[in-house]
Number of protein chains: 2
Amino acid sequence: MPMKLTRKRREHLQRRREVLESALHLFSRKGFEETTMAEIAERAEFAVGTLYKLFKDKRALYRALILDTMQEYEETLMAALNVPGTESEKLNRYIEAKTSMFVRRIPTARLYFGQTTGSLFLPAVGLDTEGRAMHQRLMKQVEAVLRRGIRKKVFVNIDPAMLVLGLEGVGNAFLVELIDRPDDFTAEEMASLIKRIFFDSVRTSAVNE
Amino acid sequence: MPMKLTRKRREHLQRRREVLESALHLFSRKGFEETTMAEIAERAEFAVGTLYKLFKDKRALYRALILDTMQEYEETLMAALNVPGTESEKLNRYIEAKTSMFVRRIPTARLYFGQTTGSLFLPAVGLDTEGRAMHQRLMKQVEAVLRRGIRKKVFVNIDPAMLVLGLEGVGNAFLVELIDRPDDFTAEEMASLIKRIFFDSVRTSAVNE
DNA sequence: CTAAAACGTGAACGAGCGTTCATGACTTGT
DNA sequence: ACAAGTCATGAACGCTCGTTCACGTTTTAG
């Protein structure tokens, strides 16, 4: 008897996954408004009505997708930050993890980026409270690492919340470029550029103009 | 006789401007899809039909708005880059001009930012060729300044196209924050933070952990 | 083997929105 | 002052798309 329930459950979850995969493909390249339920259904080889058996409505489907995506992201990046080591090493690992994740799964990256940076101004489809909270937890963690580094005099004494902004800014700018031109860079090149520009000075120490 | 033609023309342009102003307000806080022609008409105190006398369709209206906005932006920033001085001074003026423009005209900033950074992935409503070209010209100019600075050994020897990416990344990240929390920072504080993080090192010179 | 419950299906519905156009008011030229 | 042209108007049209639900098929239980 418990086996039957599990079997149903498994098939249900499998269909859910298939729908989410199709939705990821479409949302990530056309955006929320421009993707129709009919398209998602067709790509997943289900009837429209079935989508409504699996998700309350279009927004719920989107939300589930974002949450899945972000959860995986945050877990991976949190883990990178929590490997023991110096503050510099932690941040290096964070940058590397983020970059390699972007490169490996570009559709996911588009979604993630669109949510955390792109459409901050469009509350209509933006992150719901839960997703936003997840992202903020991660940012707080990065900030904490920076703060410890500042205390140890390894990083310059600027409000760590501002440094986080700078780090994310540099990082995301490069990663967006990478999404647009995936064949022009390797993940390693990207990560090393981000590190150099953020950690090392742009101005040379000998400023003699 | 030429006066009458001019008079008509003036009124036509005036109506156009009024419509664009209403459209800016709505597009900048709700996005393209979520703003209706009826709303724009109501806010501008015109009938829907009148909008179609002034613009071919909704997209043409949006495009005109983007082009107006970007043109002013690019002109101001180009000017800042072309004031005589050292490369460092030019970039400082560029950062200051961009920041103060963002602060003074937030709706415009939202639109501009959404176009140049936010929805790179949503070709449906993205920049048309003309707007993209304008933005690229500006980036090329920044790149040229950086290249000269590198040749003079004032900046580190990293591909200037990559440095541009970094500079824009840091700058935009801060400016987005400023849009979200306009009362927590002054334009000057922002500009000076951007300069410090981009130009000066984040890592202290004495790395002794 | 059969009745009932569970489930996927997609045609049909209705709301929302971009776009049009017949109408009437106003301006222009004589 | 009047005719002809110009122009704003907003109700109506048609299309798209999210959502529903009555139907037929498959699965479950006795």
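Lettering follows sequence order; numbering is per chain, from 1. Nothing here was measured: the structure is a model prediction, and the numbers come from that model.
- The aromatic rings of B/Y62 and B/F32 sit perpendicular, their planes meeting at an angle over 60°, well past the 30° parallel limit.
- Whole-Å rounding puts the B/E33 CD to D/dC17 C1' distance at 12 Å.
- In this structure the side chain of B/K98 reaches within 4.5 angstrom of the side chain of B/N172, judged on heavy atoms.
- Side chains of B/L13 and B/R16 form a contact here, defined as non-hydrogen atoms less than 4.5 Å apart.
- Residue B/N82 forms a side-chain hydrogen bond (donor to acceptor under 3.5 Å, both in side chains) with just one option from B/Q141, B/K90, B/R93, and that option is B/Q141.
- Rounded to a whole Å, the CZ atom of B/R59 is 18 Å from the P atom of C/dC17.
- Rounded to 10 degrees, the angle separating the terminal helix axes of the helix from C/dC1-D/dG30 to C/dT27-D/dA4, each built from five base pairs, is 10°.
- One finds a salt bridge joining B/E177 and B/R181 here, because a Lys/Arg side-chain nitrogen approaches an Asp/Glu carboxylate oxygen to under 4.0 Å.
- Other residues, nucleotides and ligands contribute more than 12 heavy atoms inside 6.0 Å of the CD atom of A/E189.
- Taking atom NZ of B/K58 as the reference point, atom C1' of C/dT20 lies 17 Å away to the nearest angstrom.
- In the displayed structure, A/R148 atom CZ is contacted under 6.0 Å by more than 12 heavy atoms of other residues, nucleotides or ligands.
- The distance from atom CD of A/E11 to atom P of D/dT26 is 15 Å, rounded to the nearest whole Å.
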- line: Readout for nucleotides 5-11 of chain C: B = base within 4.0 Å of protein heavy atom, S = sugar-phosphate only, - = neither; 5' to 3' it is --SBBB-
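- Taking atom CG on A/L51 and atom P on D/dT20, their separation rounds to 13 Å, with Å as the unit.
- For the pair B/D57 CG and C/dT19 P, the interatomic distance rounds to 5 Å; values are reported in whole Å.
- For A/R15, the CZ atom sits in a packed shell: over 12 heavy atoms of surrounding residues, nucleotides or ligands are nearer than 6.0 Å.
- Computed from coordinates, the B/R9 CZ to D/dT6 C1' distance equals 16 Å when rounded to whole Å.
- Residues B/I95 and B/F199 meet the side-chain proximity criterion, which asks for heavy atoms closer than 4.5 Å.
- Here the P atom of nucleotide D/dT20 and the CZ atom of A/F55 are 16 Å apart, to the nearest Å.
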